[in-house]
Amino acid sequence: MDRTRYDAFVRTFFDCDPREITQIFEELLAAMQAEESLPPGHYLSQNYETAQANPEIHVLPGNLKDARDAVFPYFWGTDGWSSPLHLENVRGPANYASLIGAIACLLKNPNLCTDSYSQRSNELEVKAITALANLVFYHTDDPWGVFTIGGTISNMYAAKIGVEKVLPGAMRKGLRGETVAGIVSGAAHYCGATIAGWLGLGTENLHEIPVDRSLSMRLDLLAAKLDELYQKGVKVAFVIGTFGTTDAFGVDDLVGIHAIIHEKAAKYGVTVPQLHADAAVGWGICFLNEYDREKNVLKLTPEMTPIVAKVQEMCKGLRVADSVTIDFHKTGRGHYPSSAFIVNRRADLRFLARSKDDTPYFPEADSRRDPALFTLETSRPGLGPYTVMASLDGIGLLGWQMLMARSLELADILKHKLEKLDYCKVLNPDTCGASVVWWVLPKGRDARAIFEKFEAGALSPEESQRYLGEVRRLFTKRERTLDPARDARLSFTTAIGYRPHGVDVPAWKAVFFNPKTDEAIIDRLIESIEEVA
Ligand SMILES: *Cc1c(COP(=O)(O)O)cnc(C)c1O
């Protein structure tokens with residue numbers, strides 16, 4: 001080996017040169033700031049063709065600027081969602097406290113598999129998990145948990161605990177021909193099916209309980225489904241209650257579900273299923289738990305008082321859940337991936353535990369603490385704990401309350417403005433979240449009357465299809481004619497989850513996740529609806 005050449009190369013890529021690195025960082029920041037002055041969207045069109053056809057890499061060692069150049073077009077071609085006109089989905093711009101946490105994490109690059117590979121970063125994970133647990137479960141005694149790569153995986157941890165509860169030893173012996181089922185609501189995230197498929201239950205053994213018009217699981221139908229399954233000898237491993245559905249922010253009645261699953265399990269003499277709260281989106285409203293409505297230090301408007309009161313009531317439901325999913329990369333405006341899976345009682349993690357024989361790389365692992373002995377992942381990024389603690393402490397409780405209350409306020413304002421238009425119908429008037437789903441019909445139609453008939457089953461299938469087609473057509477018309485510099489980006493959902501008489505309800509959708517979105521953007525949105533209807 002030519003050592004001179006080797007040493008020069010190692011210096012370039014393994015010695016930290018703060019000047020070189022900060023220069024490149026400043027260049028990236030400058031590009032990002034330039035981008036922020038542009039309307040939202042695609043700054044460079046995609047070029048998938050050569051992404052596949054041209055995978056060659058440089059031959060000679062380069063430098064950090066080559067690294068920059070290798071990714072720059074893709075960086076420039078990606079929207080960071082900083083524009084306040086982005087209202088499409090549960091995605092917001094990442095907050096900069098999170099960025100500081102993320103940078104700190106990337107500089108050390110801990111692996112959260114065990115203490116040996118992460119030292120104090122594992123301690124930070126325990127702290128971040130406990131802070132989140134206290135927020136959602138109210139100072140619970142014995143919470144524990146881990147950060148995973150997403151809400152899907154966090155929910156999968158809960159489902160797996162449920163499988164082990166109702167079919168002990170499944171980790172070793174598999175399902176042994178038993179039918180094992182899971183239950184979610186009809187408005188739940190589609191990841192329930194992913195999980196049932198991947199855990200070997202089979203997607204056909206995931207049962208969806210229809211929701212009522214407030215997008216909440218129908219408890220009468222849950223009870224009936226449990227009777228049906230238990231009478232057939234099916235083992236019900238988990239019930240996932242959604243705390244804030246992705247489209248419309250429906251919240252399942254966790255206290256009611258808890259009562260029913262206990263009652264039915266006792267009646268049939270079986271193990272109670274894992275009750276998991278999928279609060280991937282909804283958890284953030286827990287910041288308002290202890291907001292003093294009388295003192296009202298944030299000077300919230302009177303319209304907000306009943307909303308905050310309702311939020312505080314709903315959050316109490318989380319206390320009865322066995323476990324919860326929190327996506328900090330959604331409502332926390334944090335960086336991906338930072339999803340937390342938290343059990344209310346630490347002892348429940350024993351259902352996931354593997355022995356040291358099963359994890360030969362970690363003979364030093366300590367079963368009281370080292371996550372690798374129970375996690376699905378082996379190597380695990382530290383981004384979750386770093387971005388979460390930096391964001392929680394940087395922004396502070398009052399800051400979080402401002403962020404959450406503002407989202408709720410903007411959603412409420414839009415709902416009220418839409419209600420004033422006869423040809424519009426808000427489909428989630430009673431939910432307390434950041435999202436609004438609604439119909440726009442052509443001017444002259446009475447949207448409320450049409451919806452009532454639709455709900456009552458009084459429309460013929462042709463009539464239904466005509467009206468639902470109009471909702472879609474007007475959305476497309478707005479998309480075609482919108483001014484990217486002024487008009488908010490919305491999304492269209494083909495099914496909000498509520499299905500009167502088995503018919504999916506499509507809707508226009510706006511989600512207030514961007515802290516800079518304001519009333520003027522809503523006014524312009526209403527104007528644009530008046531223009532296309
Ligand atoms: C987004 C979402 C998920 C999936 O989370 P990922 O982090 O995208 O994997 C699960 N449940 C709900 C309610 C969600 O909104």
Side-chain angles (χ1 to χ4, degrees), residues 81 87-92 94 98 132 136 145-160 182-199 203 206 208-209 211 215-217 238-254 257 274-286 314-315 317-318 321 323-342 375-377 380-381 383-384 387-388 407 411 428 431-437 491 493 495-498 507 509-513:
W81 279 50
L87 303 182
E88 296 100 313
N89 220 325
V90 285
R91 162 143 171 52
S98 174
L132 291 174
V136 297
V146 283
F147 281 90
T148 78
I149 51 175
T152 302
I153 306 302
S154 293
N155 288 340
M156 188 189 280
Y157 273 75
K160 180 63 183 161
I183 292 179
V184 295
S185 91
H189 193 272
Y190 75 88
C191 70
T194 309
I195 293 163
W198 283 60
L199 286 182
T203 54
L206 183 79
E208 288 186 0
I209 308 296
V211 295
L215 296 135
S216 184
M217 187 190 291
F238 59 88
V239 177
I240 298 181
T242 306
F243 190 82
T245 60
T246 316
D247 276 344
F249 211 86
V251 169
D252 289 333
D253 173 1
L254 292 162
I257 294 173
Q274 175 80 2
L275 175 53
H276 179 70
D278 179 0
V281 175
W283 67 275
I285 59 173
C286 296
M314 286 188 323
C315 289
L318 287 167
S323 51
V324 65
T325 289
I326 289 178
D327 270 7
F328 206 86
H329 54 238
K330 286 183 183 158
T331 321
R333 282 78 157 188
H335 289 83
Y336 300 104
S338 53
S339 177
F341 169 70
I342 309 179
T375 53
L376 166 67
E377 308 93 328
R380 225 157 33 86
L383 283 165
T387 56
V388 166
S407 285
N428 63 337
T431 61
C432 301
S435 57
V436 184
V437 285
S491 57
T493 173
I496 62 169
Y498 177 42
K509 166 171 153 186
V511 187
F512 294 96
F513 258 44

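Keep in mind that the numbers below use all heavy atoms, side chains included, and drop hydrogens, waters and symmetry copies. In listed order, ligands and their atoms are each counted from 1.
Checking His335 against Ser98 by side-chain atom types alone, a donor-acceptor pair falls below 3.5 Å. A donor and an acceptor atom, one from each side chain of His276 and Thr325, are located under 3.5 Å apart. A side-chain donor from one of Ser154 and Ser339 sits under 3.5 Å from a side-chain acceptor of the other.
Using a 4.0 Å cut-off between heavy atoms, Thr152 contacts ligand 1 through both its backbone and its side chain.
Of the N or O atoms in Lys330, one or more lie within a sub-3.5 Å distance of an N or O in ligand 1. Any N or O atom pair closer than 3.5 Å counts here, and Gly151 shares at least one such pair with ligand 1.
Between Thr387 atom OG1 and Phe328 atom CZ the span is 6.5 Å, to the nearest 0.5 Å.
When each atom of ligand 1 is checked for a heavy atom of Gly150 under 4.0 Å away, the hits are 7 (O), 9 (O). Taking a cut-off of under 4.0 Å to the non-hydrogen atoms of Thr246, the atoms of ligand 1 that pass are 12 (C), 13 (C), 14 (C), 15 (O). Below 4.0 Å from some heavy atom of Val281 lie the following atoms of ligand 1, by number and element: 15 (O). Close contacts between ligand 1 and Asp327 involve ligand atoms 5 (O), 6 (P), 7 (O) [criterion: under 4.0 Å to a heavy atom]. Of all the atoms in ligand 1, the ones that sit under 4.0 Å from a non-hydrogen atom of His329 are 7 (O).
Phe243 pairs with exactly one of Leu318, Asp278, Val136 by the side chain to side chain contact (heavy atoms under 4.5 Å, CB included) rule, that one being Leu318.
The shortest separation from a heavy atom of Asp278 to ligand 1 is under 4.0 Å, placing the residue in contact. Assignment of Cys191 to the shell around ligand 1 is supported, since a heavy atom sits closer than 4.0 Å.
Because its NZ or CZ atom is both nearer than 6.0 Å to the ring centre of Phe513 and within 45° of the ring axis, Arg333 counts as a cation-pi partner of that residue.
In terms of heavy atoms, Asn155 sits closest to Ile240 at CB-CD1, 4.4 Å.
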